[in-house]
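The structure displayed is predicted, hence computed values, not measured ones. The residues of the chain are indexed from 1 along the displayed sequence.
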Amino acid sequence: MTEFIFREDSYVRSLPTLVTAITPEGGIVLDRTIFYATSGGQPGDTGRLERADGSFVSLAGTIHPDGDKTVIVHLPAEGQPALAVGEEVIAHLDWERRHKLMRMHTALHLVTVVLPYPITGASVGEDKGRVDFNLPDVPDAAEIERKLNDLVEAALPVSAEWITDAELAANPGLIKSMNVKPPMGQGRVRLVRIGDVDLQPCGGTHVNNTREIGTLRLGKIEKKGAINRRVSVVFA
């Protein structure tokens, strides 16, 4: 089982760690990691692993193998040298990319505050993100953008807390998504709180304060079905 350092501190950029396993495909498992793995609409992190001799192994991405959310496999880019089990390395995050994803993920949570409707899908990108809603009418774009930026400028604190699986089951109103269930089955579930405006299950990485997101612009509002609307946002 890998220790997920990013769950407690999304701002750690480098970390000494140990190779505990190599998958048959050449993926690298570490005893602890700062790399978020692809899940929940957020793409996996990229970066590199520094070896004792000063050389690097570039990482093209990170995944959970076979849906096992307790393990993260770090995928070397093509042509990288092989590591050995027991080798000590220093993990270095592609921070510029990660920080954009953190800002966008928190921004999408704010979208769900402004539009409090059932969520049917979401995707976090470096420069653009989107949330799909079960929403019959097209909302006023200018009003959404204004409300979003008001929340950004309010400098609301963003924090994480944990509840048990049983507590979440007893409070189904915390779950906004219709299609993606929170990662239950490990005994506890992580919640992300934004000031006093939002609290929902989420395993992703976020900024510490909404003002860190920066000014947002609303992208397209697309019709994806009879009552499904896709709302996109971009950094201004």
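Ile63 and Leu83 end up in different hydrophobic clusters when Ile, Leu, Val, Met, Phe, Trp and Tyr side chains are linked at under 4.5 Å. The hydrophobic cluster containing Val114 also contains Val158, counting ILVMFWY residues as joined when their side-chain heavy atoms lie under 4.5 angstrom apart, directly or transitively. No single ILVMFWY cluster, assembled from side-chain heavy atoms under 4.5 Å apart, contains both Ile90 and Ile34. Cluster membership check: Leu15 shares its hydrophobic cluster with Phe35, using side-chain heavy-atom separations under 4.5 Å among Ile, Leu, Val, Met, Phe, Trp and Tyr. Ile227 is not connected to Val131 by any chain of hydrophobic side-chain contacts under 4.5 Å among Ile, Leu, Val, Met, Phe, Trp and Tyr, and they are in different clusters.
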Which donor-acceptor pairs under 3.5 Å do side chains of residues 18-26 form with protein atoms, sequence neighbours excluded?
unit_1	atom_1	unit_2	atom_2	d
Thr20	OG1	Val29	O	3.2
Thr23	OG1	Glu25	N	3.4
Thr23	OG1	Glu25	OE1	3.4
Thr23	OG1	Gly26	N	3.4
Thr23	OG1	Gly27	N	2.8

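The one candidate from Asp45, Thr2, Thr33 that meets the side chain to side chain donor-acceptor pair (under 3.5 Å) condition with His74 is Thr33.
Remark: Trp95 engages Tyr11, His99 in a ring-ring contact (aromatic ring centres under 6.0 Å, His included) (not counting sequence neighbours). With sequence neighbours excluded, the residues that form a side chain to side chain donor-acceptor pair (under 3.5 Å) with Ser55 are Asp53. Take Arg146 and apply the salt bridge (charged side-chain N to carboxylate O under 4.0 Å, His left out) test, not counting sequence neighbours, and it matches Glu143, Asp150. The side chain to side chain donor-acceptor pair (under 3.5 Å) test applied to Thr210 returns no partner, not counting sequence neighbours.
Counting heavy-atom neighbours within 6.0 Å of Glu161 CD, excluding the residue itself, gives a total above 12. Counting heavy-atom neighbours within 6.0 Å of Glu88 CD, excluding the residue itself, gives a total of 12 or less.
Taking CG of Leu49 as the start and CD1 of Ile28 as the end, the distance is 5.0 Å to the nearest 0.5 Å. Rounding to the nearest 0.5 Å places CG of Leu59 at 11.0 Å from NE2 of His92. To the nearest 0.5 angstrom, Thr62 atom OG1 is 7.0 Å from Leu75 atom CG. We find the OG-CG distance between Ser10 and Asn208 to be 7.5 Å, quoted to the nearest 0.5 Å. Atom NZ of Lys223 and atom CZ of Arg229 lie 5.5 Å apart (nearest 0.5 Å). In this structure, CE in Met104 is found 10.5 Å from OG1 in Thr106, a value given to the nearest 0.5 Å.
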Could you go step by step and tell me if Arg230 and Asn228 meet the side-chain contact (heavy atoms from CB on, under 4.5 Å) rule? CA-CA 7 Å; Arg230 173 165 295 175; Asn228 198 48; 6.0 Å; no

Test Val234 against Asp127 for side-chain contact (heavy atoms from CB on, under 4.5 Å), laying out the working first. CA-CA 6 Å; Val234 298; Asp127 301 301; over 6 Å; no

Run Asp198 and Leu110 through side-chain contact (heavy atoms from CB on, under 4.5 Å) and show every step you take. CA-CA 8 Å; Asp198 191 48; Leu110 294 183; over 6 Å; no

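Nearest heavy atom pair, residue Ser58 against residue Gln80, reads N-OE1, 2.8 Å. Of all non-hydrogen atoms in Arg51 and Val57, the two that sit nearest each other are CD-CG2, 4.2 Å. Heavy atoms only, all atoms of each residue included: Val207 and Ile213 are closest at CG2-CG1, 4.1 Å. Across all non-hydrogen atoms, the minimal contact from Leu174 to Pro201 is O-CD, 3.1 Å. Taking both residues in full, the closest heavy atoms of Gln42 and Leu101 are given as NE2-CB, 4.4 Å, listed atom of the first, atom of the second, then distance. In terms of heavy-atom proximity, Arg97 sits nearest to Pro43 at NH2-CB, 3.8 Å.
In this structure, the side chain of Arg32 engages the main chain of Pro16 through a donor-acceptor pair within 3.5 Å.
Taking the six-membered ring where the residue is Trp, His206 and His105 present tilted rings, their angle falling between 30° and 60°.
Within the 4.5 Å cutoff, side-chain heavy atoms of Leu216 are placed close to those of Phe235. Residues Phe133 and Ile119 form a side-chain contact, since some pair of their non-hydrogen atoms from C-beta on lies under 4.5 Å apart.
Through direct or relayed side-chain contacts under 4.5 Å between Ile, Leu, Val, Met, Phe, Trp and Tyr, Phe6 connects to Phe4, Tyr36, Ile72.
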